[in-house]
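These figures come from a predicted structure and were not determined experimentally. Order of the sequence lines sets the chain letters (A, B, ...), proteins ahead of strands, with each chain counted from 1.
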Protein chains: 2
Amino acid sequence: MRATVKDVARRAGVSPKTVSNVMNGVVPVSAPTRFKVEQAMQELDYVPNLSARGLRNGRSGVIGLALPDLATPFSAELAHHVVEVAHEQGWSVQIEETGLDPQREQDLMTRARSNLIDGLILNPVVLQESAVKVGVSLPPVVLLGEVTQHIADRVFVDSMAAARDMTLALAKPGRRRIAVLGINAARPSSTAIHRAAGYESALEALGIAPDDDLLIRCEKWTSESAAAALDSWLDSHPVPEALFCFTDSMALGALNVLWKRGIRVPDDIAVAGFDDVADGRFAVPPLTTVSFDRRLVASEALRLLTDRMTDRDSSQRVVQVGYSIVERGSSTPRG
Amino acid sequence: MRATVKDVARRAGVSPKTVSNVMNGVVPVSAPTRFKVEQAMQELDYVPNLSARGLRNGRSGVIGLALPDLATPFSAELAHHVVEVAHEQGWSVQIEETGLDPQREQDLMTRARSNLIDGLILNPVVLQESAVKVGVSLPPVVLLGEVTQHIADRVFVDSMAAARDMTLALAKPGRRRIAVLGINAARPSSTAIHRAAGYESALEALGIAPDDDLLIRCEKWTSESAAAALDSWLDSHPVPEALFCFTDSMALGALNVLWKRGIRVPDDIAVAGFDDVADGRFAVPPLTTVSFDRRLVASEALRLLTDRMTDRDSSQRVVQVGYSIVERGSSTPRG
DNA sequence: TTGAAAGCGATACCAG
DNA sequence: CTGGTATCGCTTTCAA
């Protein structure tokens, strides 16, 4: 049987309370007592039962991280940073995948109340404003991305400005037929909406008339569906001068299709993505993209979350993380 | 304040035990009683406290998944499948990263005893046999990969046979100078050892004398370090006829370096990886690789783990998952 | 500074 | 089929 505080207390000749004091280190304990207790813990190979502690404290030491799909490089890199930052501060991370199912996002907010999670970092895809409202009385939630709501704390990158800047960068050498890949008309994600808006705003600034034929739809934001979407689109459209993909994963799929068709990048078409994932840096050619500090996103999210745990009533806080346009070989002549 | 079983019981006019029976559904409950209880739960917006349940049951409903680095595509895809499979069966998944630090793997086995985790799926990099031994009396552990030990259950792919087959496939068109990338001499991982052994065994079968100059070292198995390793190696070595990278991530880094140097793939050099990650399928050119069913790895690991929870004393079980050589454009002439 | 006892919320045992 | 009651392991009043 596993040792408990009682066992440790008995062996050390003290009370359970004292053992607890030694562990938590907030109430002062005399050096000899502390030593006895620590020795007893060693001898009994004592490990505290976190379920019991969680029950008593009302806190579990675990935060939830909910992402659409852990397998996409962007989510994976984000999760990596959240896990690292959280561990540094003594938190464990429970991973949830929401897929493309709005219901799952709802469910999660409920599950978060099961007290196995002290807070939730949620990267929503299709979260409606209503879903977040349910969350008011629940454990703290920090949203990642550009969800328009005014209740939960939030960390985001200005996707619209970034998309605008990227479009402008693609247009700079005089390119005018600029297509975008990633429009998801069926259930538009707020991210898609913002990036499309940035693209359109750039066209307007450039005096380029918007052309619906240059909006390439792609419901799932994976390399695979992006490749399929672009491939079939190219069957009925001429090659544009530039292609702005709403994520790097989609851009990698696009590069593959273009290569297969013998369309040269960047000579025949410039390609850009968004997120600056590792594989984009090593793509052939290396991918031009919008870069931002994912570790900062992770650490800010965690900061907001832990702050919120101690002060549930302060007003909503929003953190904006900067970005930069990184031009690589997929949009600039080989150097 | 949150509602408890007591509140629900009071409102439904029954005892707490009955509420519990309704929830767990194992003991029969009369229809009217069940209805009253369910209504009360609805009205009070009742959500069970999992910490309390965990304390009482000795089980938390959470499994741990420990990976070296969540940001690598292979780990990410694996995690994705584990999370999905686990959720289907009602488990939550806590993610831990071990990095390259053996100490972290040790720590984990201890942390798993904190009762917040009912079992652990561990993909070790450098776990020594001793580390697993500590785990005997602990919660169930399932190891992923080719760790040579005889205590914990394990799911693995025959890396050595796969590496041999891949080397033979690369050699088939008469290629003889076949280099490998991924030797990590400093702290050899068991995976590296197996794949290197497979490579050597293939050379022997082919009657090719092993050449240490063709063993390219690379301590970290990322695109980035692979690219750096290959780049500097090429400074002092002629281009080999083929390059077998121990993971797809490394192969992607290699493709990038070769492209930058104007070395054509597969015309000048054939390239292959291992793992069949999504980005490899869309690489330029698409990557030849060793493929295996990651979802099967995940589901088998979970099955072994849950079996072990109910029967801690049965003998070690080992599941081998098959593989196949997938030849794509990086090793075969364009079709 | 330390000890004794209560209680967090859910479940299992044993009656009825 | 249902109700009381003890209990899981830890922390936290309140006293000493």
key: Any donor-acceptor N or O pair under 3.5 Å, side chains B:S159, B:E146   = yes
task = Check the side chains of B:R308 and B:S314 for a donor-acceptor pair under 3.5 angstrom, ignoring hydrogens and angles.
result = yes
[X]: side chain to side chain contact (heavy atoms under 4.5 Å, CB included) partners, not counting sequence neighbours:
| X | value |
| --- | --- |
| A:A79 | A:L65, A:L67, A:L70, A:I95, B:L70 |
| B:P73 | A:D279, B:S249, B:V277 |
| A:S20 | A:N24 |
| B:D313 | B:D311 |

Measure the distance from [atom1] on [X] to [atom2] on [N] and round it to the nearest whole Å.
| X | N | atom1 | atom2 | value |
| --- | --- | --- | --- | --- |
| B:L50 | D:dG9 | CG | P | 18 Å |
| B:N21 | C:dG9 | CG | P | 20 Å |
| B:N57 | D:dG9 | CG | P | 12 Å |
| B:R56 | D:dC8 | CZ | C1' | 6 Å |
| A:K6 | D:dC10 | NZ | P | 10 Å |
| A:L55 | C:dC8 | CG | P | 9 Å |
| B:M41 | C:dG9 | CE | P | 17 Å |
| A:R59 | D:dT11 | CZ | P | 11 Å |

Phosphate-side-chain proximity, [X] and [N], N/O vs OP1/OP2 below 4.0 Å:
| X | N | answer |
| --- | --- | --- |
| B:S51 | C:dC8 | no |
| B:T4 | C:dG9 | no |
| A:T33 | C:dT1 | no |
| B:S30 | D:dT2 | yes |
| A:R53 | D:dG9 | no |

Listed partners of B:D69 passing salt bridge (charged side-chain N to carboxylate O under 4.0 Å, His left out), at least two apart = none
message = Just to verify, what does B:D275 make a salt bridge (charged side-chain N to carboxylate O under 4.0 Å, His left out) with, not counting sequence neighbours?
response = none
inquiry  = Using C1' atoms of five pairs at each end, report the bend of the helix from C:dT1-D:dA16 to C:dG16-D:dC1 rounded to 10 degrees.
reply    = 30°
For residues 34-43 of chain B, dump all side-chain donor-acceptor pairs below 3.5 Å to protein atoms at least two apart in sequence or in another chain.
unit_1: B:E43; atom_1: OE1; unit_2: B:R11; atom_2: NE; d: 2.4
unit_1: B:E43; atom_1: OE1; unit_2: B:R11; atom_2: NH2; d: 3.1

ask   = Under a 4.0 Å heavy-atom cut-off, which of residues 8-18 of chain B touch DNA chain D?
value = B:G13, B:V14, B:S15, B:K17, B:T18
